[in-house]
2 protein chains.
Amino acid sequence: MRIALDATGGDLGSELLLDGALLAINKRSDLEVVLLGPEDILSEQVARRAGSEKGTSRLSIVHASQTVSMDESPVDAVRKKKDSTILVGFDLVKNGKADAMVSAGNSGATLAAAIRKLGRLKGIARPGIASLFPTLNDPVMLMDIGANVDCRPQHLFQFAIMASSCSALLFNKDRPSIGLLSIGEEPSKGNQLVKEAYSLLQESSLNFIGNVEGRDVYKGEVDVIVCDGFVGNVSLKISEGLAEAAMQMLKTEIMQSLRAKIGYLFIRKAFKAFRTRLDYAEYGGAPLLGINGIGIICHGSSSSLAICNAIGEAANMVESRVNDSIMKTLAQATGQK
Amino acid sequence: MRIALDATGGDLGSELLLDGALLAINKRSDLEVVLLGPEDILSEQVARRAGSEKGTSRLSIVHASQTVSMDESPVDAVRKKKDSTILVGFDLVKNGKADAMVSAGNSGATLAAAIRKLGRLKGIARPGIASLFPTLNDPVMLMDIGANVDCRPQHLFQFAIMASSCSALLFNKDRPSIGLLSIGEEPSKGNQLVKEAYSLLQESSLNFIGNVEGRDVYKGEVDVIVCDGFVGNVSLKISEGLAEAAMQMLKTEIMQSLRAKIGYLFIRKAFKAFRTRLDYAEYGGAPLLGINGIGIICHGSSSSLAICNAIGEAANMVESRVNDSIMKTLAQATGQK
């Protein structure tokens with residue numbers, strides 16, 4: 001099992017990414033990680049760790065001279081930066097030199113690079129990005145979180161097929177339940193796109209439970225939630241923003257009284273556990289679905305544990321042959337019509 | 001100043017609504033509240049309070065025999081329930097017997113009733129619902145939060161005009177800053193609707209600061225945020241859901257250790273202040289904008305304080321002549337073209 005890791009992507013710095021790679025390697029004995037980036041810098045970093053840390057023999061380096069920055073246009077980046085870590089990485093996957101690719105860099109560019117190098121799965125109109133959200137129960141998989149901002153009903157239908165296939169394998173569920181993100185439970189609620197997607201899902205053999213509302217996302221009563229990439233991205237970012245703001249508001253309130261400050265000393269550990277639970281980056285990465293291969297995008301501010309989890313998740317997706325499962329479900333769904 | 005209050009709407013029960021009305025009355029000496037609902041029940045409730053509570057002489061009752069429930073279709077409700085509290089209430093506004101109407105009931109139906117009785121402001125294509133979100137600084141006004149799910153760029157442009165006029169008066173700001181909710185700061189980011197709305201806003205004389213992302217909503221660095229009603233409703237509901245889930249997660253973590261439980265005793269007050277701060281219902285109601293009159297919708301689970309605040313907000317909007325201000329800004333914006 002060989003996973004390629006973009007060792008320059010994101011706001012993280014390659015040392016933290018290396019930490020994550022080694023964590024993953026030491027968790028799983030058959031795992032190798034290929035680091036992508038400037039060879040001189042990376043080999044020095046690996047050499048420095050070789051004496052003191054376990055698992056460095058299962059690290060290798062493939063040189064890539066360019067990095068795509070977070071705010072670069074995906075189309076431009078993929079067209080102009082031929083020797084970027086993401087293009088080099090998906091090239092390895094294409095040529096069978098790596099089984100999957102993980103990047104914490106520019107997500108749009110990573111998806112564009114994947115599509116360019118690996119192509120779409122046959123029959124899939126729009127590959128997209130799925131992401132796990134923490135809930136009161138198991139995490140929920142939401143797709144799409146930003147790749148496809150203007151969708152047709154058929155695209156949402158295919159997101160349901162892809163995300164439910166992936167969720168089934170990652171969480172070992174037989175038929176994950178699928179909800180359509182809308183603004184009311186009744187089929188008549190929602191915008192034109194959602195109403196039409198509702199009909200497609202309703203008529204299919206998928207385990208569609210109907211519309212779900214924004215307030216249902218965090219309840220954890222549904223396995224997969226489908227929406228267009230604009231709504232998905234706003235949902236993701238507004239959740240991040242609220243979680244951050246809430247922490248700051250709570251801190252402000254606590255700092256206003258000595259009594260509360262004393263209480264905080266006792267409660268600190270529970271607080272930390274809570275923050276970790278709310279931090280969806282900890283749940284691993286966001287799978288690229290609909291491409292002819294395996295790719296995972298991590299949050300730009302991931303921890304080394306999140307990188308480790310994403311690498312594990314990529315290995316998991318390779319082993320469980322998620323794309324075969326998507327193709328099978330797609331064939332069944334198309335066959336019905 | 002006479003405000004009509006739907007005394008049956010929402011999940012609240014009329015006693016809590018009465019509490020809110022009396023709170024508002026005792027805050028402001030020129031205020032009268034007209035209670036809408038079944039006369040027999042309401043007059044008994046008012047009579048019971050008359051001996052012990054101040055301000056009951058400024059309560060009056062107008063009979064309305066029907067209530068629109070929360071999940072009723074707005075179109076059906078307005079067509080069929082001629083004697084509903086919301087239609088009776090906006091009739092009072094139309095005939096000058098009340099200055100504004102407040103309801104914690106079905107928001108879609110309340111807007112539909114307002115449009116039916118009062119009509120649209122001249123030149124406004126789509127009236128909508130604005131709502132205040134708590135932030136790290138002043139609350140931000142987001143429009144639309146659910147009335148208009150399929151929008152054209154011109155509609156978003158008019159939301160900006162309406163919400164900024166309202167925000168200017170409520171928060172005493174000269175030229176409130178306006179952001180367009182999108183998935184990246186650059187003008188090229190977003191769906192087709194947002195990109196076209198960006199151009200309209202950019203070319204106008206409004207104080208448009210560009211795209212804002214979901215994670216900016218809670219920062220409080222912008223006064224007004226504009227989006228279509230589908231995205232706005234999802235944003236509102238997902239925030240509610242996350243706030244609720246986060247509270248539960250935190251509680252679970254605290255209950256897992258004795259140490260944390262002890263800490264909670266010290267920190268409880270700060271916690272409560274935090275919850276109140278996060279509860280946007282406390283910030284008053286959601287103004288209906290674009291109708292030829294004043295109407296406010298409250299959350300179905302509002303506290304009596306929230307009802308009191310909404311009544312105060314309605315009075316504020318009457319006095320500051322928010323509709324004149326909207327018409328003026330609209331004329332300026334249209335004149336430019």
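In what follows, chains carry the letters A, B, and so on, assigned in the order in which the sequence lines appear, proteins first and then strands, with residues in each chain numbered from 1.
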Part of B/Gln192 lying under 4.5 Å from any heavy atom of chain A: both
Option that, when pairs with chain A are counted at under 4.5 Å, heavy atom only, ranks first among B/Ser239, B/Gly146, B/Gly184: B/Ser239
Contact origin within A/Glu244 toward chain B - heavy atom pairs under 4.5 Å: neither
Within residues 217-230 of chain A, residues adjacent to chain B where the heavy-atom gap is under 4.5 Å: A/Val217, A/Tyr218, A/Phe230
Chain A contact via B/Thr135 - side chain, backbone, both or neither, heavy atoms under 4.5 Å: backbone
Option in A/Lys189, A/Glu213, A/Met249 with maximal non-hydrogen atom pairs under 4.5 Å from chain B: A/Met249
Interface residues of residues 264-275 of chain A facing chain B - non-hydrogen atoms under 4.5 Å apart: A/Tyr264, A/Leu265, A/Phe266, A/Ile267, A/Ala270, A/Phe271, A/Ala273, A/Phe274
From CA spacing to verdict: side-chain contact (heavy atoms from CB on, under 4.5 Å), B/Asn191, A/Asn148: CA-CA 9 Å; B/Asn191 55 19; A/Asn148 304 285; over 6 Å; no
Beyond-backbone contact of A/Glu186 with B/Asp71, side-chain heavy atoms, under 4.5 angstrom: yes
Contact winner vs chain A - B/Cys151, B/Gly190, B/Ser257, heavy-atom pairs under 4.5 Å: B/Gly190
Residue A/Glu185 excluded, over 12 heavy atoms near CD under 6.0 Å: no
Option in A/Val234, A/Val231, A/Leu250, A/Asp216 with maximal non-hydrogen atom pairs under 4.5 Å from chain B: A/Leu250
B/Ser235 versus chain A, the contacting section by heavy-atom distance below 4.5 Å: both
Gap separating the CD1 atom of A/Ile183 from the CD1 atom of B/Ile145, nearest 0.5 angstrom: 10.0 Å
Residue among B/Asn233, B/Leu181, B/Leu136 with most heavy-atom pairs under 4.5 Å to chain A: B/Leu136
Option in B/Gly241, B/Ala260, B/Gly214 with maximal non-hydrogen atom pairs under 4.5 Å from chain A: B/Gly214
Heavy atoms from other residues, nucleotides or ligands near CD of A/Glu72 exceed 12 (cutoff 6.0 Å): yes
Nearest-0.5 Å distance, CZ of residue B/Arg215 to CD1 of residue A/Ile238: 11.5 Å
